[in-house]
Amino acid sequence: DEMAGLRDAALPACPECTDNISFLAENSGLVPSFSGPSGAPAQYGQISYMGIGNTGDADRTTAAQAFIEFWLSDGYLDWLSTSVEGKFPMRRGTAENATAFLDGWQQLETGVDRKAPLSDFYSSEVIETLIAGSDNFDRWGFNQGQGELVTAMYTALHVTEALADVLDGGLSAADAAADLQEAAEDELALIAEE
């Protein structure tokens, strides 16, 4: 929504944006995956999961099941609408309409000071790239059994701070990678002590 000019506190400032505030959104692409040193393409996403604990209370379990069924059907688009640009429908549709939630998500309005669907600003090619890319999400570190390390790295904001330093020009990508490697090793040492 920021790139589309829908949030006054973060308006695009490119020269072309003077005449067309949504220039960046309309002229941006999407890189769904990239290759690292191993050569294998990788892309990461955070998927929200639901679980029902075993409390031994049948009424509570029944209520939780009913809530989840609602959330993943009638309430799904409402949930996605709380952050259209930050949430993506991993549940694509229903038995009756295989793309109901994908289609609905594309029409949800986003923004703060002005509202509009993302599909008003981003090309169908960009949206289709996003849709296709979500088929291959890996959860960073979890496939390698390092979920605890990922949690520690997120909690301490190591990645966020390194990325901000690189984007601000105060740190090279190579130095940020070295700093993150050191931070990961320090976090692993702390985990091992527990």
Side-chain angles (χ1 to χ4, degrees), residues 1-36 40-49 71-94 97-141 150 153-154 157-177 180:
D1 61 340
E2 290 93 345
M3 285 177 47
L6 299 175
R7 182 184 300 246
D8 289 343
L11 289 174
C14 66
E16 297 86 353
C17 296
T18 304
D19 295 327
N20 177 6
I21 196 66
S22 58
F23 176 85
L24 287 178
E26 294 170 356
N27 291 282
S28 291
L30 181 68
V31 178
S33 63
F34 52 91
S35 296
Q43 79 184 44
Y44 299 97
Q46 181 69 31
I47 300 173
S48 298
Y49 294 95
W71 189 359
L72 295 176
S73 58
D74 295 340
Y76 197 54
L77 286 174
D78 287 338
W79 176 67
L80 292 170
S81 73
T82 63
S83 177
V84 177
E85 74 287 354
K87 294 184 184 326
F88 181 81
M90 296 305 288
R91 182 158 196 262
R92 307 300 174 92
T94 64
N97 181 347
T99 61
F101 299 127
L102 280 174
D103 299 339
W105 171 80
Q106 291 180 54
Q107 298 309 312
L108 292 174
E109 291 190 338
T110 187
V112 174
D113 300 294
R114 287 159 300 288
K115 303 243 181 216
L118 292 174
S119 57
D120 282 3
F121 304 100
Y122 295 93
S123 71
S124 58
E125 180 182 317
V126 168
I127 291 175
E128 287 302 319
T129 300
L130 179 62
I131 291 168
S134 67
D135 290 335
N136 300 309
F137 278 165
D138 280 332
R139 216 161 155 212
W140 181 43
V150 171
M153 294 292 286
Y154 276 142
L157 302 176
H158 295 299
V159 175
T160 305
E161 290 171 355
L163 182 58
D165 288 344
V166 170
L167 293 174
D168 288 341
L171 192 64
S172 71
D175 288 341
L180 287 172

Report summary line: So the salt bridge (charged side-chain N to carboxylate O under 4.0 Å, His left out) pairs with at least one residue in residues 4-13 (sequence neighbours excluded) are D1-R7, E2-R7, D8-R114
Query - Listed once per pair and sorted, the salt bridge (charged side-chain N to carboxylate O under 4.0 Å, His left out) pairs that draw on residues 80-92, sequence neighbours left out - result: R92-D135
Flag side-chain contact, heavy atom, 4.5 Å: [X] against [Y]:
X   : Y    : answer
L77 : Q107 : no
W71 : D78  : no
V84 : E109 : no

Query raised in the report: With sequence neighbours excluded, what pairs up with F101 under the ring pair (Phe, Tyr, Trp, His ring centres under 6.0 Å) test?
Result: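 With neighbours one apart ignored, the set is Y76.
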Could you pull out all residues at least two apart from [X] that satisfy side chain to side chain contact (heavy atoms under 4.5 Å, CB included)?
X    : value
D165 : L171
N20  : S22, F23, E26
I127 : W105, Q106, S119, Y122, I131
A177 : none

Listed by chain and number, what are the side chain to side chain donor-acceptor pair (under 3.5 Å) partners of [X], not counting sequence neighbours?
X    : answer
D103 : T99
S83  : none
S172 : D175

Under 3.5 Å donor-acceptor pairs involving side-chain atoms of residues 10-19, not counting sequence neighbours:
{"residue": "T18", "atom": "OG1", "partner": "P15", "partner atom": "O", "Å": "3.3"}

